[in-house]
Amino acid sequence: MGAVLLSVGLTACIQSEDADLIVHNATIHSMDEGMNTAQAMAVKDGKIIALGAEREILNRYRAQSKYDARKMHVYPGFIDAHAHFIGYARNLAELDLKGVGSEEEMLERLAAFAASSEREWIVGRGWDQNLWERGQYPHRSRIDSILPDRPVLLTRIDGHAAVINTAAMKKAALNPDRPIAGGKMLRDADGAFSGMLIDRAVDRISRFIPPLDPGELVPMLKQAQAECFALGLTSVSDLGIGLGEALLLDSLQQQGELDIRIYASLRPEESSLDFMHRGPLITERLSLRSVKMYADGALGSRGALLKQPYSDDPENYGLLLTALEEIHAWAEACMDFGFQLNTHCIGDSAAALVLALYADQLREMNDLRWRIEHAQVLSPGDRHYFGDYGIIPSVQPVHAVSDAPWAEERLGPDRIAHAYAYASLKQELGILALGTDFPVEAISPLDNLHAAVFRLPANREDAAVFHSDEALSMDDALRGMTIWAALAQHEEEVKGSLEAGKFADFAIYNRNISETGPAEWHKLKCTATFVDGMQVYPLGN
Ligand SMILES: [Zn+2]
């Protein structure tokens, strides 16, 4: 009698519930509050429905599709909290100057690219004079000698400086003697305009370059998405795009042409303001609930606004790119219409000004989650604002290790001690959102984790460790690219950890990331990526 009852009981519970997918034979790092792990998880309608022990999940759920993870490690799909997705896609159609070792090499690549391009403007990006022997900016006369008639704009790696040729000057009717607010036009030793533009002066030229039409852009967006998926990213951000671009992303997602989740911040323009009156646009794949502003420029091109002059340029304090009254007006609009404000602040002066302005608007501790992007150089006395007003620091550890070779020259020994101070910043509010700022840096959540934890560029063991006292623990670094990044986007209810009810967005790695040191880091590989429980990488087998 007892035996009969027992067998009836077992049959009733074996595979009695439906799922679409079971992932099993895995170590699932849920990144939930208790940092729990599981061996298996069930997915239905794109959402996680249960996590548990291997037999518990396999016995309880009946699924058409089972994924044997072969003892590998499953993490929530990584979230890049600060990136430029469309910018990356657009760059795929442009001249890539990353890593060029000299001005000569840059000109050689330019000549080859121009010969193969039919577009009128030749646009390139990625050079960095800090990698060149004398560290000097390029000059327009040398571009003129190769391309006297076609307009050329070559943007520095940080996107905050560019060199143009004389044809581009003419095309844009640029008069280097007429000042541009928030920008600079540099001169050579003879006092002539060198072709180098800083910050707002770059914008003055780039608006003359015809954008790629959607027919040209869509394949590039798909390629960018494929590159993200291959590295385990399932959510990216696009900080500072036009309304038209945001709506293009939405329509591609609605048509099933683009699967990646995107948190986009609007540029502060008239069309954005019109749109904001209707409140945030939030779909399953797009979140349009924030505005991105620039307070200052970047450190590499000495555009970051500092309280004291640059240590290697004693007359120069950097640039305020947007008048405080304008930031104030947008802060009010964000407050009124329920939008987040995300402001780029790299220098200590920019951060101090914007944090005080935020405090004025926010008034008290709150859950609006306004953000400071970069927060690279910050006086210790200004850090309290983050904790006092619930302001989220959104930082890029890869920048710290990329800037390490020259940042101290710009800042001197005292300020460098408080720069890229991620462990200290994390103390303030208890969270830190991490991004890569691609295309300024490579798309790679793993490189970013490596930089955050080891304070070294990945796979460059010859480099010196950069201020290791500001390193994050691996758990915190992982949180920064998962649950804390989701919090910085107001999306922690649906993503950022693997828990019942959340999107089944996850990435599978061949090793335990937390147990991999710098020497073995190159062995870490993403082997599969899923969005909504659908495999998006690798495809087609
Ligand atoms: Zn950026």
Side-chain angles (χ1 to χ4, degrees), residues 78-92 94 98 125-126 128 155-162 182 198-200 202-203 206 224 227-228 233 235-242 245-246 249 262-269 272 287 290-301 303-305 318-319 321-322 327 340-347 350-351 354 370-378 392-403 407 419-420 422 425 432-445 447-448 451-452 480-481 485 488-489:
F78 284 114
I79 303 171
D80 195 313
H82 180 123
H84 304 278
F85 183 69
I86 294 182
Y88 184 89
R90 203 172 276 133
N91 284 4
L92 293 171
E94 296 171 352
K98 273 212 186 89
R125 175 161 175 162
D128 181 356
T155 307
R156 192 179 177 277
I157 181 78
D158 60 10
H160 287 267
I198 310 290
D199 286 307
R200 293 291 185 223
V202 183
D203 304 345
S206 47
E227 291 182 30
C228 292
L233 274 174
S235 283
V236 293
S237 43
D238 210 332
L239 286 208
I241 61 174
E245 292 172 314
L249 294 175
I262 301 171
Y263 166 91
S265 293
L266 291 169
R267 276 199 297 264
E269 331 177 297
S272 304
S287 174
S290 60
V291 173
K292 158 85 182 290
M293 299 199 79
Y294 283 92
D296 63 345
L299 202 60
S301 41
L305 188 67
L319 290 165
L321 294 200
T322 311
I327 300 179
Q340 281 170 284
L341 183 53
N342 305 332
T343 308
H344 165 120
C345 300
I346 288 189
V354 173
W370 286 13
R371 302 170 23 169
I372 297 288
E373 303 303 323
H374 308 302
Q376 275 180 10
V377 191
L378 209 107
I392 298 179
S394 163
V395 303
Q396 300 75 35
V398 269
H399 284 338
V401 299
S402 295
D403 299 358
Y420 313 90
Y422 304 140
L425 272 175
L432 203 57
L434 303 187
T436 64
D437 207 6
F438 73 72
V440 179
E441 304 277 357
I443 298 177
S444 174
D447 284 5
N448 212 30
M481 295 213 72
Q489 304 177 346

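Residues: numbered from 1 along the sequence shown. Atoms within each ligand, like the ligands themselves, are counted from 1 in listed order. Quantities reported herein were computed from a predicted structural model and do not represent experimental measurements.
- For H84, the nearest N, O or S atom to the Zn ion (ligand 1) falls under 2.8 Å.
- Of the possible polar contacts, none joining the D296 side chain to the A304 backbone as a donor-acceptor pair under 3.5 Å is found.
- Looking only at its N/O/S atoms, D437 has OD1 as the one nearest to the Zn ion (ligand 1).
- The distance from atom OH of Y294 to atom CG of L321, rounded to the nearest 0.5 Å, is 9.0 Å.
- In this structure, the ring of H82 has its center no less than 6.0 angstrom from the ring center of H344.
- Here H374 does not reach the Zn ion (ligand 1): none of its N/O/S atoms is less than 2.8 Å from the metal.
- Of the inter-residue distances, the one linking D80 atom CG with L239 atom CG reads 9.0 Å to the nearest 0.5 angstrom.
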